[in-house]
J.: 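First, the structure itself, so that you have it in front of you.
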Amino acid sequence: MNETGLSFEQGPIRPPSEARSLLLRVTRNCPWNQCLFCPVYKGTKFSLRTVDEIKQDIRKARDIADDIKALSWRLGYSGAVNNQVISHIFRFGGYSESYRSIAVWLFYGTGACFLQDADNLVMKTEDLVEVLRFLREKFPEITRLTTYARSRTVVRKSLESLRSLREAGLDRIHIGLETGYDPLLKLIKKGVSAAQHIEAGQKVMGSGIELSEYVMPGLGGQEMWREHAVETARVLNRINPHFIRLRSLRVPNRVPLYEKLRDGTFTLQTDDMLAEEIKVFIETLEGITSTVTSDHIMNLLEEVSGKLPEDKEKMLDVIRKYQELPDEERLIYRVGRRGGAYRSTDDLERDPATYRKIRHLVEEITEKEGTEGVEKFMTQVADRYI
Ligand code: SF4
C-alpha cells in the first residue's frame, strides 16, 4: 500500500527517556488534571478511547511501518530505515506526521513503545490487556512497552490485575510521585497521599512491572524545601523503585501555581538552594538499589545520576563541586546550562571559547539590567523547554 496521508493519534508528551519510543495514544489527556504545577492538559477534557479505536490505530501504525520498509526497498536500501529513507520522507511532501514519527522510530531502532496519555491504568484491566496483547502481536519487534499512571489509580488495581498487565506485555510504569510530603501533596493538589504513593509503588514492584518514579526538585519552594526533600526520600526508601528520575519545577505563567508565586504564598528556590535541596534528598536515600537519573533538560546538574548505593558519594560530589565554585563561575555555569551549552561543571574548563562568550553575555546583561536581568534571562531561556 502507499497511502502517505495515513495517520493515527498521538498525545502531547512523553517522558524524556521515551524520546525515541513509538508513541501510541491509549487514553486522551488526564482524568485528574488538577496538579497546580502541570501545564500539559489544562483546558482539555479526559476521555477513554474504545478498544476498537485503539486497535485501529495500531493497525494503521503497522501499515505505515510496513510501507516505510517497502519504500526503503524501492529506494534500494533493502528494507533498512537509514538517513536516505528519513530524508526522503521529510523532504517530499505528502507524508503525514505519523509517517515521520514511525520513520524516526524505525531509524533509531530502539524497539521501545510508550503508551500515552497521563493515566492509562484507568482503563478496565481486561480492555488494557486486550490492547497490550494486540500491540505485541502486531509489533513483535517491540522490546519495551511502558506507560504513565497515577498512584491513586494504581492503588485501586488489584495485584492480580497488575500481574495480568505484566503478562500481557507491560514492562514499565512511570509515576509522577513529585513529593512524599503530605502537606505539599495537598498544596499542589496531587490528589494522592504519601501512604498511597507507597502502596502504589510497592504494588507495582510486587507485580514484576518495572517502576520509574518522578521527583520534582523545587516543588516545596523556599517554604517547604527541606521537608519535601527528606519526606520524598523516605517514601522512596519504602518503595525501592527501579528508577528515580529528577525533573525540576518550572513555573510558567500558564500554570495555576503561578498565582501563588504572584501573591507571595510560594517562593521559588534559587539554583543554589536547589543544589542544597537535592543534596539533602540524595543523602536521605538509604537502603535502596534504585538508579537515579537527571535526564530532564530543566535540571541544573545532569550528572546527579547513578546506581544506589554505590554511586551515592559520586552524586553528592557533583553537587559539592558545583557548590564550591566561585560565585562568578557558578553564574556562568548556570547561564550555560540553561542555554543548553553545558552539561557538566567540567565544561567550564573544557571549552574556553564558550566560557568567554557566556561571560561576555553575562557582563553585557549585568551592565544594562543588573544581576536581576541575568536571572530573568535564565528564566526565559529555561521556560522555552516547558
Ligand atoms: S496527574 Fe500528571 S498529567 Fe495529570 S495534572 Fe497531575 S501532573 Fe499533570
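Indexing begins at 1, ligand by ligand and atom by atom, following the structure's order. The model shown is predicted, which means the values in this text are computed figures rather than measured ones.
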J.: Which residue owns the protein heavy atom closest to atom 8 (Fe) of ligand 1, what's the atom, and how far is it?
T.: C38 SG, 2.4 Å
J.: Suppose we measure from atom 6 (Fe) of ligand 1 to each protein heavy atom; which comes out shortest, and what is that distance?
T.: C35 SG, 2.3 Å
J.: Is the distance between the ring centroids of Y148 and F114 under 6.0 Å?
T.: yes
J.: Is ligand 1 less than 4.0 angstrom away from at least one heavy atom of V40?
T.: no
J.: State, without any angle test, whether S161 and S164 hold a side-chain donor-acceptor pair at a distance under 3.5 Å.
T.: no
J.: For the hydrophobic clusters of this structure (ILVMFWY residues joined by side-chain heavy atoms under 4.5 Å, transitively), does one cluster hold both V374 and L300?
T.: yes
J.: Closer than 4.0 Å to some heavy atom of Y41 - which atoms of ligand 1 meet that?
T.: 3 (S)
J.: Should the proximity of F37 to ligand 1, defined as any heavy atom under 4.0 Å, be assigned to the side chain, the backbone, both, or neither?
T.: side chain
J.: Just to be sure I read this right, does ligand 1 sit under 4.0 Å from the backbone of C30, its side chain, both, or neither, counting only heavy atoms?
T.: side chain
J.: Is NZ or CZ of R100 both nearer than 6.0 Å to the six-membered ring centre of F90 and within 45° of the ring axis?
T.: yes
J.: List ligand 1 atoms under 4.0 Å from R150, heavy atoms only on the residue side.
T.: 1 (S)
J.: Starting from atom 5 (S) of ligand 1, find the nearest protein heavy-atom neighbour and note its residue, name and distance.
T.: N33 CA, 3.5 Å
J.: Considering non-hydrogen atoms of the protein only, which is the closest contact for atom 2 (Fe) of ligand 1, and what is the distance?
T.: K190 NZ, 4.1 Å
J.: Which option wins on minimum heavy-atom distance to atom 3 (S) of ligand 1: S151, A118, G176, G191?
T.: A118
J.: Within 45 degrees of the ring normal and closer than 6.0 Å to the centroid, is that where the cationic atom of R25 sits relative to F8?
T.: no
J.: Is a donor from one side chain sitting under 3.5 angstrom from an acceptor on the other, for E303 and S344?
T.: yes
J.: Any side-chain donor paired with an acceptor under 3.5 Å for H174 and E18?
T.: yes
